[in-house]
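Some notes on the structure that comes next.
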2 protein chains.
Amino acid sequence: MKVAFLIIGDEILCGKTKDANLQTLALKLEEKGHSLTEVRVVADEETAIIKAIKELSTLYEIVFTSGGIGSTHDDITTESIAKAFGASLKINPEAMKILANFYKLKNLEFNAERQKMAVIPDGALLVHNNLTFAPGFVLDNVYVFAGIPQIFNAMLEEALKTIPNAPKTHSLSIETTKVTEGNIAHELRELQAKYTKKVAIGSYPKMHENGSFSLQITFRSTNLEDATNCKKEAEELIRSKI
Amino acid sequence: MKVAFLIIGDEILCGKTKDANLQTLALKLEEKGHSLTEVRVVADEETAIIKAIKELSTLYEIVFTSGGIGSTHDDITTESIAKAFGASLKINPEAMKILANFYKLKNLEFNAERQKMAVIPDGALLVHNNLTFAPGFVLDNVYVFAGIPQIFNAMLEEALKTIPNAPKTHSLSIETTKVTEGNIAHELRELQAKYTKKVAIGSYPKMHENGSFSLQITFRSTNLEDATNCKKEAEELIRSKI
């Protein structure tokens with residue numbers, strides 16, 4: 001399944017906060033055999049959110065979002081997603097019950113702002129989290145989660161239970177300082193041609209703090225044998241260069 | 001100026017690599033008074049890159065890209081961007097000279113794969129980097145940089161010299177454990193209404209390792225006095241809650 005991720009938040013775009021959810025989502029999807037195909041980051045702005053949701057939910061089978069479902073004035077994700085799908089907003093009785101219990105236990109007032117977190121688009125299903133209990137939801141093919149990494153993660157775990165597995169992509173890799181990219185690029189191109197449509201070879205130079213470089217070469221395939229054979233041939237190529 | 005960032009790379013989408021360039025770019029743009037308005041991540045796939053470049057370069061005044069300008073078969077950014085603008089690819093004599101000198105000094109063969117890094121779209125201007133000397137370039141309103149963070153950063157520094165400053169957005173913040181979001185949401189909404197169009201108030205709960213929460217409230221404005229006054233009022237509101 002082709003999946004998109006929409007990160008909603010001014011704090012990411014102005015550099016205040018470093019996103020921590022993209023990699024979590026990517027790795028968990030990989031485990032289930034699905035691939036993240038596109039990611040977007042937009043501001044806490046209704047028009048930007050609606051435009052991105054309309055486009056991504058049409059282009060991809062599943063869309064995940066993070067951010068903007070809390071209780072403050074700058075949390076406008078829920079309303080924006082309802083508008084994108086032409087859905088009305090309604091108090092969800094199950095969410096109301098869960099939140100009322102949670103705040104009662106915490107001895108905190110369940111005020112109007114906190115009750116706002118029980119308002120979700122009509123037709124959406126709740127996605128629970130066992131940390132703050134304020135639920136995310138799924139509307140159509142869009143899963144709407146909190147931005148706080150621990151809560152995003154809890155909601156993702158919950159949602160992934162309902163998404164079927166697909167054949168997993170195996171990812172093998174070599175890390176070497178014996179050759180540089182320019183040294184092996186010609187041979188890797190030929191190797192990729194040999195394994196066209198079987199294995200995707202990736203080449204990633206990394207610069208270390210002392211200014212030296214290492215090279216990581218990855219071999220991705222749904223067929224583990226193909227990936228293993230391709231990797232062996234690449235190791236041979238590297239040896240021939242030393 | 002409204003700016004977009006296109007991150008190109010399978011390694012980000014599959015979770016192998018955590019992007020490190022978004023925050024760097026966001027913070028440097030903020031310093032110059034510009035704002036990052038949208039970010040996208042796409043795979044090393046020609047159609048995906050061309051589509052994103054066409055859309056973003058039309059929607060925004062400046063677009064930065066990272067990734068895919070090295071010497072291996074999976075580096076297809078340069079060709080894709082040339083196609084997006086209908087430009088032909090040409091050997092750039094200045095880039096050839098710089099790279100030839102660099103590999104001569106390093107006592108490495110300046111082979112066909114390395115020479116590929118001197119091929120850029122016709123009409124593009126080079127963006128130099130003093131680390132690996134393989135240049136990035138700017139074509140139309142799109143700045144095309146390497147993905148390796150140190151090199152991305154070097155190219156960005158070089159490019160920013162040519163981009164004019166604009167009035168800076170001042171960003172003040174309060175970090176508190178004295179109130180939670182639900183506790184102060186009503187008052188923050190009223191404060192935001194009072195400072196409409198003057199100050200953007202953001203509210204960001206953070207969950208710590210021990211499960212406790214803190215709240216960061218930010219006050220962003222091009223007018224430092226407005227931001228300062230708004231922050232003072234928020235501090236007063238927090239005090240009244242304790």
Side-chain angles (χ1 to χ4, degrees), chain A residues 7 10-19 22-27 29-30 35-44 48 70-75 103 108 111-114 116 131 148-151 169 171 180-183 185-186 188-189 192 200-207 211 218 220, chain B residues 7 10-19 22-27 29-30 35-44 48 70-75 103 108 111-114 116 131 148-151 169 171 180-183 185-186 188-189 192 200-207 211 218 220:
Chain A
I7 299 168
D10 296 348
E11 72 279 20
I12 309 288
L13 290 172
C14 75
K16 192 187 88 60
T17 304
K18 202 167 181 168
D19 163 73
L22 195 172
Q23 194 178 34
T24 305
L25 177 63
L27 291 173
L29 287 172
E30 285 276 307
S35 59
L36 194 55
T37 307
E38 181 171 347
V39 180
R40 296 192 191 180
V41 189
V42 297
D44 298 301
S71 58
T72 49
H73 63 279
D74 55 340
D75 291 309
Y103 287 110
L108 290 167
N111 59 24
E113 275 69 29
R114 288 177 173 135
K116 188 187 145 207
L131 291 169
I148 299 172
Q150 296 93 329
I151 304 173
T169 298
S171 186
T180 64
E181 257 199 336
N183 226 213
H186 177 72
L188 283 184
R189 188 180 298 272
Q192 178 63 86
I201 305 175
S203 171
Y204 306 105
K206 191 175 166 184
M207 189 173 176
T218 59
R220 292 168 53 76
Chain B
I7 299 168
D10 296 348
E11 73 278 20
I12 308 288
L13 290 171
C14 75
K16 193 187 86 62
T17 304
K18 202 167 182 169
D19 163 74
L22 195 172
Q23 194 179 32
T24 304
L25 177 63
L27 292 172
L29 287 172
E30 285 275 307
S35 59
L36 194 55
T37 308
E38 182 171 347
V39 180
R40 296 193 191 180
V41 189
V42 298
D44 297 300
S71 58
T72 48
H73 63 279
D74 55 340
D75 291 310
Y103 287 110
L108 290 167
N111 60 24
E113 276 68 29
R114 288 177 173 136
K116 189 187 145 208
L131 292 169
I148 299 172
Q150 297 92 328
I151 303 173
T169 298
S171 185
T180 65
E181 256 199 337
N183 225 214
H186 177 72
L188 283 184
R189 188 180 298 272
Q192 178 63 84
I201 305 176
S203 170
Y204 306 105
K206 190 175 166 183
M207 189 174 178
T218 58
R220 291 168 55 76

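Below, read A as the first sequence line, B as the second, and so on, with proteins coming before strands; counting in each chain starts at 1.
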Next on the checklist: With chain B as the partner, which of A:Thr180, A:Thr37, A:Asp19 has the greatest number of non-hydrogen pairs under 4.5 Å?
Outcome noted: A:Thr37
Checklist entry - Among A:Pro205, A:Ser171, A:Ala200, A:Pro149, which has the most heavy-atom pairs under 4.5 Å with chain B? => result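 If we count pairs closer than 4.5 Å to chain B, A:Pro205 comes out on top.
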Return the minimal non-hydrogen interatomic distance between [X] and [Y], and the atom names on each side.
| X | Y | value |
| --- | --- | --- |
| B:Met207 | A:Leu131 | CE-CD2, 3.8 Å |
| A:Ser71 | B:Ala185 | O-CB, 3.4 Å |
| A:Lys16 | B:Thr218 | CD-CG2, 3.5 Å |

Item to check | Per-residue contact mode, B:Leu22 against chain A (heavy atom under 4.5 angstrom) | outcome: side chain
Is the side chain of [X] donor-acceptor paired with the backbone N or O of [Y] at a distance under 3.5 Å, no angle test?
| X | Y | answer |
| --- | --- | --- |
| B:Asn111 | A:Asn183 | no |
| A:Glu113 | B:Gly182 | no |
| A:His186 | B:Ala112 | no |
| B:Gln23 | A:Gly15 | yes |

Is it the backbone or the side chain of [X] that comes under 4.5 Å from a heavy atom of chain B, or both, or neither?
| X | value |
| --- | --- |
| A:Ile148 | side chain |
| A:Arg114 | side chain |
| A:Glu30 | side chain |

Item to check | Between B:Arg220, B:Lys116, B:Gln150, the one whose heavy-atom pairs under 4.5 Å with chain A are most numerous | outcome: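 Maximum pair count with chain A is reached by B:Gln150.
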Checklist entry - Hey, which of B:Glu181, B:Gln192, B:Arg189 is the one that makes side-chain hydrogen bond (donor to acceptor under 3.5 Å, both in side chains) with A:Thr72? => result B:Glu181
Checklist entry - So which of B:Val42, B:Ile7, B:Val39, B:Val41 actually passes side-chain contact (heavy atoms from CB on, under 4.5 Å) with A:Val39? => result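 Only one option passes, and that is B:Val41.
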Item to check | Interatomic spacing from CG in B:Leu13 to CG in A:Leu25 - rounded to 0.5 Å | outcome: 10.0 Å
